[in-house]
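FYI, the numbering just counts along the sequence from 1. A quick note: this is a predicted structure, and the numbers were derived from the prediction, not measured.
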Amino acid sequence: MPSYRAPVEDVLFLLNDVLGIHRHDNLPGFADASPDVIEAVLSEGGKLAEEMLAPVNLPGDQEGCARNADGSVATPKGFKAAYDAYAAGGWMGLSVPEEFGGQGLPQILNTAIQEFASSANLALAMYPGLTQGAIAALLVHGSEEQKKTYLPKMVQGAWTGTMNLTEPHCGTDLGLLKTKAAPNGDGSYSLTGTKIFISAGEHDMSENIVHLVIARIEGAPAGTKGISLFVVPKFLANADGSVGERNGVSCGSIEHKMGIHGNSTCVMNYDGAKGWLVGEANRGLNAMFVMMNEARLAVGVQGLGQSEVAYQNAVAYAKDRLQGRALTGAKAPEKAADPIIVHPDVRRTLMQIRAFNEAARALVLWTALQSDIVHRSQDAKERQAADDHMGLMTPVVKGVLTDKGFENAVAAQQLFGGHGYIEEWGMSQFVRDARIAMIYEGANGIQAMDLIGRKLPKDGGRAMMTFLGEVQTFIKDHNEDEALKAFTGPLQAALNDLQGATMWFMQNAMAKPDNAGAGATDYMHLLGLVAMGYMWARIAKAAAARKREGTGSAERMDAKLVTGRFYMERMLPETAVRLARIKVGADTTMALPVEAF
């Protein structure tokens with residue numbers, strides 16, 4: 001049976017020592033997040049993940065969801081009890097404004113809890129995760145009546161939320177959607193159409209499900225300019241907030257998937273379902289992008305979460321599994337063989353996953369902190385800088401962390417040998433569950449193209465120039481620090497590669513756009529490598545300071561410094577390979593005629 005332990009101490013170190021969360025106590029909600037409160041929130045959230053969510057992960061995968069004859073869906077045994085514990089603990093509204101029943105705490109704390117939940121039980125964590133995304137969209141674009149009607153119930157967890165975009169004939173190209181919305185004459189609309197791949201579309205864990213649905217109002221312009229967003233509840237709400245009559249929305253079937261079996265991924269049929277416009281007509285993507293960007297960051301967290309839980313179980317197995325002798329002589333002579341963790345190639349695998357996990361966690365939390373600044377700061381310049389960061393790093397967090405999360409789950413599975421291929425060990429589930437994160441909320445190739453085509457040139461490249469400048473300033477400020485030279489030197493080389501790739505695109509992509517398309521994924525990963533290298537440099541600075549001050553565990557700080565050097569020596573140099581691929585351009589990629597494939 002797989003196990004999981006929430007990395008509470010690591011998150012506390014990142015929040016307090018690396019990111020300096022209390023430097024932002026001027027922001028609403030941050031002053032309430034005292035060190036004691038933060039530690040209590042993370043400890044309790046970790047306990048919930050370990051004791052309620054993780055135990056039903058493997059059984060839930062094996063049982064899956066079942067659609068009943070009446071169209072209702074039964075979730076796996078134990079899921080509802082675990083969900084109820086999540087809702088009862090107030091976790092749904094951790095960072096939601098208090099006026100809607102939330103606690104108003106920083107989003108960065110909610111992001112940490114999302115990682116714990118995703119590691120412990122990804123399929124189950126998606127139910128509250130999607131609800132939080134829907135809450136975010138309604139907070140920004142919902143009318144006062146919509147907020148009053150839906151948000152308190154969703155924050156309580158009594159009602160859950162979904163996002164309905166994809167249709168059978170269109171995936172990322174939402175301009176092709178066919179779902180129609182006809183005005184009813186009373187301010188509501190009648191929606192008709194079919195949506196597919198709708199996670200948590202129907203289930204038995206909440207009394208109502210609030211669907212956010214994109215559709216085209218009759219007579220609206222073609223393409224994405226004619227898309228509107230609607231709130232469509234499973235049950236209509238009565239004036240007193242109670243559940244009323246059933247709406248015309250139903251689950252037609254459950255998708256038979258590779259993984260996340262405990263989440264009900266549904267085909268949703270809208271047969272004249274009553275809905276209400278969210279925001280402005282024909283500007284639905286603007287409203288939906290609030291939820292989509294929330295979801296993309298959350299999906300990046302899912303990639304990290306699967307990498308972390310796979311790593312933890314691989315470490316436990318490597319310490320216990322006896323096979324062969326160490327190359328330098330027996331390490332456990334009293335036993336028939338040494339544990340496989342003594343072998344360098346096993347260590348290499350574990351160190352690669354660990355070095356990624358710690359840097360990725362820092363990158364995720366740093367980005368979540370920028371989200372808090374965007375939504376809470378009164379300083380327009382500060383908000384703009386944070387928004388620039390969010391735009392630049394969202395495709396990186398989503399694309400790089402999920403690519404590497406899946407890769408790391410496979411690598412961890414490999415350490416189990418044949419046992420990794422056997423379902424009861426749980427490693428197969430981590431691999432299968434991690435795979436979807438590379439696909440949904442915009443496949444990773446789309447994320448790379450978004451980065452190159454939209455985010456990089458936006459505002460004259462302001463976001464990228466700011467990031468490059470920040471990393472360069474850090475290197476300059478710490479170049480003479482002996483404790484950090486193992487970090488600043490490799491980081492400078494990697495930063496040079498990123499600058500070289502950026503300049504190459506500027507010189508070669510405008511006249512020949514295929515050059516950008518062919519190098520987009522490599523550029524996304526190059527930026528991710530540098531961003532995580534920068535995180536490691538900041539982690540190393542904080543760890544070295546802890547050692548000098550004699551605070552905390554010197555052993556833990558030494559482990560961080562060693563892990564960080566491993567990243568700098570063996571992982572960060574990949575930037576040179578990515579740069580070489582980018583500079584090749586698109587010639588051979590695009591050379592073969594279509595019929596030659």
Side-chain angles (χ1 to χ4, degrees), residues 18-21 23-24 26-28 30 95 106-108 111 136-137 140 285-301 359-360 362-401 441-442 446-477 491 494-495 498-499 501-503 505-506 509-510 516 520 523-535 537-538:
V18 179
L19 299 176
I21 186 174
R23 291 200 299 268
H24 300 279
N26 60 312
L27 298 178
F30 276 68
S95 61
Q107 173 63 21
I108 193 172
T111 300
V140 176
L285 282 190
N286 292 46
M288 183 58 88
F289 262 113
V290 174
M291 188 172 184
M292 288 172 68
N293 285 329
E294 290 269 343
R296 285 171 178 172
L297 292 170
V299 170
V301 172
L363 179 59
V364 159
L365 293 174
W366 184 37
T367 304
L369 179 58
Q370 306 311 306
S371 177
D372 277 316
I373 293 170
V374 168
H375 291 103
R376 299 171 189 244
S377 176
Q378 299 300 309
D379 186 320
K381 190 173 181 180
E382 189 178 49
R383 287 200 310 273
Q384 177 189 285
D387 192 55
D388 284 350
H389 172 100
M390 293 284 292
L392 186 67
M393 288 298 167
T394 294
V396 174
V397 169
K398 196 284 181 184
V400 175
L401 269 59
E441 305 310 332
I446 300 294
Q447 302 299 324
M449 288 299 296
D450 177 52
L451 174 63
I452 294 298
R454 293 192 183 98
K455 306 303 174 57
L456 195 58
K458 187 174 184 288
D459 300 312
R462 185 177 66 205
M464 176 54 77
M465 288 189 290
T466 300
F467 173 74
L468 293 172
E470 179 174 346
V471 179
Q472 190 65 71
T473 298
F474 181 93
I475 294 170
K476 181 180 178 181
D477 290 348
L491 185 56
L495 188 67
L498 178 59
Q499 290 171 321
T502 306
M503 288 299 298
F505 275 136
M506 291 173 62
M510 291 294 289
Y523 188 89
M524 179 179 71
H525 278 273
L526 201 168
L527 177 54
L529 284 161
V530 174
M532 287 189 283
Y534 178 44
M535 292 297 96
R538 293 179 62 175

Between the side chain of [X] and the main-chain N/O of [Y], is any donor-acceptor distance below 3.5 Å?
X      : Y      : answer
Lys398 : Gly442 : yes
Asp387 : Val374 : no
Asn293 : Thr394 : no
Gln447 : Glu441 : yes

For the residue pair [X] and [Y], establish whether any side-chain heavy-atom pair is separated by less than 4.5 Å.
X      : Y      : result
Arg462 : Gln384 : yes
Leu392 : Leu527 : yes
Ser95  : Arg376 : yes
Phe30  : Asn26  : no
Met390 : Ser371 : yes
Leu19  : Ile108 : yes

Quick one: pull up [atom1] in [X] and [atom2] in [Y] and give me the separation to the nearest 0.5 Å.
X      : Y      : atom1 : atom2 : answer
Leu456 : Met524 : CG    : CE    : 13.5 Å
Leu468 : Thr473 : CG    : OG1   : 10.5 Å
Lys455 : Asp388 : NZ    : CG    : 11.0 Å
His24  : Ile373 : NE2   : CD1   : 4.5 Å

Residue pair Val396 / Gly528: nearest heavy atoms and the distance that separates them: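 Here Val396 and Gly528 meet closest at CG1-CA, 3.6 Å.
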
I need the minimum non-hydrogen distance between Tyr534 and Leu491, along with the two atoms involved.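 So the minimum-distance heavy-atom pair works out to N-CD1, 3.7 Å.
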
When you compare the side chains of Glu382 and Ser377, does any donor N or O come within less than 3.5 Å of an acceptor on the partner?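 On atom types as modelled, these side chains qualify, holding a pair under 3.5 Å.
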
According to ring pair (Phe, Tyr, Trp, His ring centres under 6.0 Å), who are the partners of His389, at least two apart in sequence or on a separate chain?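 Ring pair (Phe, Tyr, Trp, His ring centres under 6.0 Å) list for His389, sorted by chain: Trp366.
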
